[in-house]
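Have a look at the structure below, then the notes.
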Amino acid sequence: MIENLSTAEILRWQLEAGVDETIGNEPINHFNEVAPVKAPIVAVKTESSAPKARSQAVADRPRTQQGPAVAEKLLHDACEIAAAAKSVDELKRALADYDGCALKKTATNLVFGDGNPRAKVVLIGEGPGAEEDRMGLPFVGPSGQLLDKMLASIGLDREQVYISNTVFWRPPGNRTPTTAETALCLPFVERLMELIDPEILITLGGPATKAMLAETAGVGRLRGKWFTYSTPKLSRPVQATAMFHPAYLLRSPAHKREAWRDLLMIRDKLDELT
Ligand code: URA
């Protein structure tokens with residue numbers, strides 16, 4: 001019985017169960033929260049295949065305790081709010097006021113993006129980690145430091161790129177964002193792409209690649225190729241490519257060799273486009 005345990009024992013048990021941070025005084029029952037919604041259907045075309053809907057992961061039908069109608073409404077609202085933003089700053093303000101995504105409740109800060117809103121290159125990662133949540137900026141922890149080095153190796157810095165994520169708040173315990181969380185943030189990510197209108201999109205890691213490029217294969221198979229990313233309001237399709245996530249490269253440095261090749265491919269494409 002938990003009543004018989006000392007505070008130290010309870011804390012040890014929580015640590016072993018994966019609780020790595022205190023986020024509030026009251027427990028939150030996430031089972032009572034809103035859940036999966038149907039994703040916006042936006043055509044994405046690869047070089048080699050016909051247009052298809054966004055990733056299966058975000059295209060599942062809603063299955064929520066509050067019912068599909070509520071989930072559809074949430075998604076509809078997210079699309080409308082995102083579409084109304086006329087600048088990157090407006091989009092950031094709209095997201096700061098947006099309460100539809102359950103991740104906001106457990107996060108400390110909104111992690112919207114960093115870099116130059118007129119950049120030619122946009123990088124999209126998976127979701128903020130603990131350090132990003134604390135600072136309110138993407139990729140400022142160890143994987144961010146590696147990302148900065150990777151960009152520097154092809155002559156880029158944060159003034160020449162824009163960096164954001166598929167979700168704008170830290171998933172508790174750094175878990176992968178759920179289908180519902182991704183689907184509700186995706187209209188904002190898409191609007192971000194439309195407002196920046198970059199030449200190149202780089203997705204970092206599997207979840208970002210799945211959400212943005214509607215590709216379900218692993219990054220190991222998708223990397224080193226060019227795809228196109230489109231939304232109805234983008235002026236033209238954006239050249240897109242997938243790379244290993246820097247956090248993965250920190251864990252598996254042997255793959256840095258492939259990442260280096262990918263960076264050179266991106267440098268060549270940038271030179272070609274400018
Ligand atoms: N990993 C991500 O995917 N995004 C961040 O912002 C930080 C780490």
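Counting starts at 1 for both ligands and their atoms, following the listed order.
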Given Phe112, which of Asp89, Val88, Asn165 fulfils the side-chain contact (heavy atoms from CB on, under 4.5 Å) condition?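 The passing option is Val88.
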
With side-chain contact (heavy atoms from CB on, under 4.5 Å) as the test, pick out the partner of Met212 among Val122, Leu201, Val238.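 By the side-chain contact (heavy atoms from CB on, under 4.5 Å) criterion, Met212 pairs with just one of Val122, Leu201, Val238: Leu201.
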
Sidechain-backbone polar pair: Glu132 side chain, Gly141 backbone, donor-acceptor under 3.5 Å: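 Confirmed, Glu132 side chain pairs with Gly141 backbone.
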
Do any N/O atoms on Pro128 end up under 3.5 angstrom from N/O atoms on ligand 1?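 Checking ligand 1 against Pro128, no N or O pair falls under 3.5 Å apart.
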
Where ligand 1 meets Gly125 - atom numbers and elements under 4.0 angstrom, heavy-atom basis: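 Atoms satisfying the 4.0 Å criterion: 3 (O).
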
Distance filter under 4.0 Å to Glu126 heavy atoms, resulting ligand 1 atoms: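 Within the 4.0 Å cut-off of Glu126, ligand 1 contributes 2 (C), 3 (O).
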
So is Gly127 touching ligand 1 or not, going by heavy atoms under 4.0 Å?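 The answer is yes: ligand 1 sits under 4.0 Å from a heavy atom of Gly127.
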
Would you say His245 touches ligand 1, if touching means a heavy atom closer than 4.0 Å?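 Under 4.0 Å: yes for His245.
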
Any ion pair linking [Y] and [X] (charged N to carboxylate O, less than 4.0 Å)?
X	Y	value
Asp197	Arg236	yes
Glu194	Arg191	yes
Arg93	Glu90	no

Record the part of Glu132 in heavy-atom contact with ligand 1 below 4.0 Å; permitted values are side chain, backbone, both and neither.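 Within the 4.0 Å criterion, Glu132 contacts ligand 1 through side-chain atoms alone.
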
Determine whether the side chain, the backbone, both or neither of Pro138 has a heavy atom under 4.0 Å from any heavy atom of ligand 1.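 The answer is both, backbone and side chain.
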
The test is salt bridge (charged side-chain N to carboxylate O under 4.0 Å, His left out); show your working for Glu215 and Lys225 and say whether it passes. CA-CA 12 Å; Glu215 292 289 337; Lys225 299 179 187 142; over 6 Å; no

Considering heavy atoms of the protein only, find what lies nearest to atom 4 (N) of ligand 1 and give residue, atom and distance to 0.1 Å.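 Going by distance alone, atom 4 (N) of ligand 1 is nearest to Asn165 OD1, 2.8 Å.
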
Please state which protein non-hydrogen atom is closest to atom 8 (C) of ligand 1 and give its distance, to 0.1 Å?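 Minimum-distance protein heavy atom for atom 8 (C) of ligand 1 reads Ser143 OG, 3.6 Å.
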
